[in-house]
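Quick notes on the structure that follows.
What you see is a predicted model; the values in this text were computed from it and never measured. Each chain gets a letter, A, B and so on, in the order the sequences are listed, and its residues count up from 1.
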Amino acid sequence: MPSNMDLLSGLNPQQRAAITAPSGPVLVLAGPGSGKTRVLAHRIAYQIAHHGVAPESLLAVTFTNRAAREMRGRVESLLADSGAFRTPLIKLNLSTFHAFAARLLRREADRLPVTREFVIFDEADQQALVRQCLKELNIDPKQVRPAKVQAVISSAKNELIEPETFAAGTYFHEIARRAYQRYQQLLLSNNAVDFDDLLLYAVRLLQEHEDLRQKYRRMFPHILVDEFQDTNTAQYALLQLLAGDPPDLFVVGDADQSIYRWRGADYRNVQRFEEDYPQAHTYLLEQNYRSTQTILDAAMAVIDRQRGRHKKQLFTDRGRGTPIVLHEAYDEAEEGRYVLQTITELTARGRIRQGDCAVMYRTNAQSRAIEEVFLKAGHPYRLVGAQRFYGRREVKDLIAYLRLVHNPSDQVSFLRVLNTPPRGIGAKTVEALLEAGRNAQISPGQLLLRLLQDGAAAGKGLPAGRSAAALAQFARLMEGWVAARDNLPLADLIQRVLRDIDYRSYLEDGTEEGEERWENVLEFVRVAEDYAEVGLVAFLEYVALISDQDTLSDAQDAPTFLTLHAAKGLEFPLVFIIGLDEGVLPHLRAADDPEEMAEERRLFYVGITRAMDRLFLVRTFRRRLAGPSTVADPSRFLSDIPADLLEGDRAPSRTPEQASFERRTRWEDRSPRAAQPRFRSGMRVRHRTFGEGIVLEAKILRDDEELTVEFEGAGTKHLAASFASLEVLEG
DNA sequence: TAGTCTGGGCTTTTT
DNA sequence: GCCCAGACTA
């Protein structure tokens with residue numbers, strides 16, 4: 001087949017070797033911009049075109065729908081170009097872990113404690129449920145925070161720990177254990193699963209049912225995984241269960257780009273893979289095709305400060321390129337103006353398009369200041385962030401209505417919409433309704449529906465009078481929607497709900513905000529129109545599993561604003577990373593945990609390596625984190641970048657305050673290694689007031705050494721070596 | 001029952 | 001500075 005040549009042309013020897021590697025476990029360790037995704041796409045195409053593998057027997061897993069979509073496009077065009085395939089490869093199984101698991105669960109629902117129609121609860125729903133559990137357990141939600149309990153439950157699930165095996169060593173964990181137990185029961189009575197259950201149930205199904213295991217192994221004898229470093233325990237277990245014997249498991253990843261630890265991801269799965277599959281072939285991709293050498297050098301300088309990783313040498317033949325620009329703004333507004341101004345200047349020459357530019361930040365909240373500047377200037381931009389849209393109150397309300405229509409047992413949704421907009425159903429009535437539901441052993445939604453059918457008989461225990469009328473009216477609405485559910489196109493169904501509840505006049509209260517909320521509703525209807533074909537179930541699933549990255553579109557030639565997390569896997573000719581301040585990047589929350597601090601560093605590394613040609617690092621002198629604005633210190637990561645890669649570009653001084661600040665931080669004359677390291681992690685030290693402790697982390701910061709010390713009595717402290725006068729005891 | 005108020009809590013990243 | 005939950009009042 002001459003087409004094989006096309007599939008391998010233009011690839012470097014390492015890439016080629018990985019793509020043509022014999023079937024079996026394969027690990028591709030790939031630096032940023034080294035053509036990781038390309039290798040994956042070529043591998044798929046090569047298997048199909050060269051080895052005659054049936055497309056439907058391949059399962060490729062990614063972390064976002066966007067990545068899956070892109071991969072599909074690439075594979076299809078590769079195969080089309082090579083003349084091997086003409087029809088679109090609809091049979092190719094390319095999806096996210098969660099979407100794949102959801103499909104599996106629906107197909108095998110008869111072995112699950114939920115029905116095929118289960119709904120997927122998102123984080124807000126989960127918290128609502130946890131809140132309910134705590135209430136039942138008579139726990140004050142102020143003492144034990146529902147969000148924290150939810151997080152604990154979630155990470156337990158990601159570790160495949162179920163309520164029965166949940167270890168309760170502390171008071172908090174005992175509460176969490178009981179809440180977890182009740183939480184699972186409540187999920188079932190809602191006919192719902194949460195994000196984590198998707199994976200957990202999938203793993204359990206395959207563990208417990210030999211026949212299913214065989215079935216899926218036969219179905220997908222070839223498995224490929226993107227961003228393998230971001231798999232968590234449940235995902236890894238799922239892969240192992242799916243991988244047949246002999247396993248044909250092709251995984252690509254980069255431990256340096258692991259940024260989802262907080263979601264249970266464990267980059268040590270890369271090592272685990274090598275241990276579990278000692279016969280695995282490993283390929284290393286180091287040549288970078290994306291960035292200039294200057295950008296790569298900066299990235300390496302940042303990541304090399306990380307201990308306990310194996311060093312990669314990133315190189316390119318793109319040449320040195322332009323120095324990285326470091327800019328200090330006075331405050332967030334000026335930060336925004338600087339970004340806008342720079343983009344305007346650079347694009348004015350015509351070589352760079354607006355859409356080539358990206359602005360990246362640590363937290364979503366940071367986008368606000370930038371957006372304001374752009375809005376005021378009438379300059380268009382693209383904002384990446386699905387959560388922002390789907391997390392809005394009005395959108396969540398609508399989704400809850402739809403979920404209720406789809407699944408009247410969904411109590412969380414039911415309670416959300418029962419009195420939204422207000423229709424005279426107050427707390428007392430709700431309480432009575434819940435009680436009646438408990439007595440009748442059915443969900444309150446079902447109870448209401450039944451009430452209509454057999455009249456007052458089932459309504460025992462429900463309040464009479466005004467609220468009864470309100471309840472009956474709501475029940476009639478519900479009944480109407482459920483009846484219309486299967487006959488009406490999705491968008492029409494939504495329109496009908498909107499009309500029935502007169503949602504528009506509820507939202508439009510004359511304020512600009514109300515106007516905006518209604519706009520969002522209309523936007524939501526537009527999205528639903530695209531799902532007319534596939535119907536309500538698929539739409540709800542789409543809405544539940546959407547990710548921020550999925551909202552990125554190329555439709556508009558405008559700069560993109562996105563979080564560093566959302567930026568993973570993307571590239572832009574021109575990148576701004578803003579908010580390079582202590583407390584922002586690295587984030588405050590990471591300060592007392594070396595593992596988390598390491599992840600902040602990797603996050604910065606991911607950001608740097610998104611840039612192809614130009615990189616702008618921006619920080620702010622005054623910043624509002626919470627409450628009043630305070631003076632921020634420059635990010636510790638900045639001092640890891642060698643000065644010769646940087647170009648100073650400071651705004652003119654505006655205030656004496658700033659001028660004095662600039663005198664203190666002279667980037668251009670800063671020598672990168674001014675101070676000699678005196679401390680190492682693991683050293684025992686003594687401090688005058690804090691007593692004895694162990695150095696957790698020591699790093700050179702400008703002309704001082706910054707230490708993180710765990711003191712026996714005083715806890716973890718951050719100290720500047722020159723002030724702290726520490727005595728070294730041993731080490 | 002609904003709407004307003006206040007006080008407290010809290011701040012990350014997202015499938 | 002912002003948001004939410006629960007308390008309070010009409």
Side-chain angles (χ1 to χ4, degrees), chain A residues 61-68 95-102 120-124 126-128 131 135 140-143 145-148 151 154 157-158 193-199 227 230-232 234-235 258-265 332 360-366 368-369 384-388 390-391 393 419-430 463 465-467 470 509 541-551 562-568 579 583-591 593 596 599-600 602-604 606-607 623-630:
Chain A
V61 215
T62 59
F63 274 84
T64 66
N65 298 298
R66 204 185 88 91
S95 70
T96 65
F97 271 103
H98 288 83
F100 170 76
I120 301 168
F121 274 11
D122 69 13
E123 199 178 307
Q126 294 175 41
Q127 269 191 42
R131 197 170 285 276
K135 206 169 176 181
D140 178 5
K142 278 182 182 144
Q143 308 244 302
R145 294 216 326 278
K148 214 175 158 204
S154 172
K157 288 184 176 184
N158 284 326
V193 305
D194 65 19
F195 281 140
D196 310 304
D197 282 335
L198 291 172
L199 302 171
E227 307 282 11
D230 283 330
T231 52
N232 60 33
Q235 286 158 337
S258 165
I259 53 174
Y260 285 103
R261 200 179 90 91
W262 49 274
R263 219 168 60 199
E332 286 149 307
M360 302 176 186
Y361 35 82
R362 177 65 179 85
T363 69
N364 276 306
Q366 289 172 262
R368 202 181 175 133
V384 178
Q387 306 308 323
R388 301 212 131 199
Y390 288 94
R393 200 188 73 208
N419 202 33
T420 311
R423 49 175 76 92
I425 302 172
K428 273 212 157 133
T429 313
V430 170
R466 211 174 43 171
S467 50
D509 52 1
E541 185 151 312
Y542 161 78
V543 167
L545 296 181
I546 194 165
S547 75
D548 272 2
Q549 271 206 9
D550 300 333
T551 59
L562 72 180
T563 62
L564 288 163
H565 281 89
K568 195 175 65 154
V584 180
L585 183 64
H587 195 271
L588 201 64
R589 297 264 303 225
D593 182 346
E596 283 199 24
E599 182 142 313
E600 297 289 310
R602 291 195 293 269
L603 198 49
F604 185 39
V606 166
R623 176 172 296 283
R624 237 192 35 238
L625 272 174
S629 84
T630 51

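- For the atom pair NZ (A:Lys148) and CD (A:Gln127), the distance works out to 13.5 Å, reported to the nearest 0.5 Å.
- In this structure, A:Asn65 reaches neither bases nor backbone, as no heavy-atom distance under 4.0 Å exists between it and the strands shown.
- To the nearest angstrom, P of B:dA2 lies 9 Å from CD1 of A:Ile425.
- Checked against the 6.0 Å centroid criterion, the rings of A:His98 and A:Phe63 do not qualify as a close aromatic pair.
- With B:dT1, B:dT14, B:dA2 as the choices, the nucleotide that has an atom nearest any side-chain atom of A:Glu123 turns out to be B:dT14.
- As a whole-Å value, the separation of A:Asp194 CG from B:dT14 C1' is 14 Å.
- Rounded to whole angstrom, the span from the CZ atom of A:Arg368 across to the C1' atom of C:dC3 amounts to 11 Å.
- Side-chain proximity of A:Arg131 to the nucleotides B:dT13, C:dA5, B:dT1 is greatest for C:dA5.
- For B:dT11, the OP1/OP2 oxygens have no side-chain nitrogen or oxygen of A:Thr363 closer than 4.0 Å.
- Two residues, A:Pro422 and A:Glu596, neighbour DNA chain B, and the one matched to the more 5' nucleotide by heavy-atom proximity is A:Pro422.
- Atom CZ of A:Phe97 is separated from atom C1' of B:dT14 by 15 Å (rounded to the nearest Å).
- Looking at A:Gln126 and A:Asp122, their side chains never come closer than 4.5 Å, going by heavy atoms from C-beta outward.
- Regarding A:Leu199, its CG atom lies at a distance of 13 Å from the C1' atom of B:dT14, rounded to whole Å.
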- Task: Take A:Ile120 and A:Asp194, measure what side chain to side chain contact (heavy atoms under 4.5 Å, CB included) needs, and give me the verdict at the end.
- Result: CA-CA 5 Å; A:Ile120 301 168; A:Asp194 65 19; over 6 Å; no
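- With rounding to whole Å, A:His587 atom NE2 is found 11 Å from B:dC10 atom C1'.
- Side-chain atoms of A:Lys428 lie closest to B:dT1 of the nucleotides B:dT1, B:dT14, B:dC10.
- As a whole-Å value, the separation of A:Arg589 CZ from B:dT13 C1' is 11 Å.
- Candidate nucleotides B:dA2, B:dT14, B:dT1 were compared by shortest atom distance to the side chain of A:Asn419, and B:dA2 ranks first.
- Dashed line: the shortest gap from a side-chain N or O of A:Arg145 to OP1 or OP2 of B:dG9 is not under 4.0 Å.
- Considering only side-chain atoms of A:Thr429, the nucleotide from B:dC10, B:dT1, B:dT14 that sits closest is B:dT1.
- Atoms CH2 (A:Trp262) and P (B:dT14) sit 6 Å apart, rounded to a whole Å.
- Toward the 5′ end of DNA chain B lies the nearest nucleotide of A:Ala590, the other residue of the pair A:Ala590 and A:Ala99 mapping further downstream.
- Backbone-only contact: A:Phe63 has heavy atoms under 4.0 Å from sugar-phosphate atoms and none from a base.
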- Item | Verdict with reasoning, A:Arg263 to A:Asp230, per salt bridge (Lys or Arg N to Asp or Glu O under 4.0 Å) | CA-CA 9 Å; A:Arg263 219 168 60 199; A:Asp230 283 330; over 6 Å; no
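- In this structure, A:Tyr260 does not count as stacked on the base of B:dT13 under the 5.5 Å centre distance and 30° plane angle limits.
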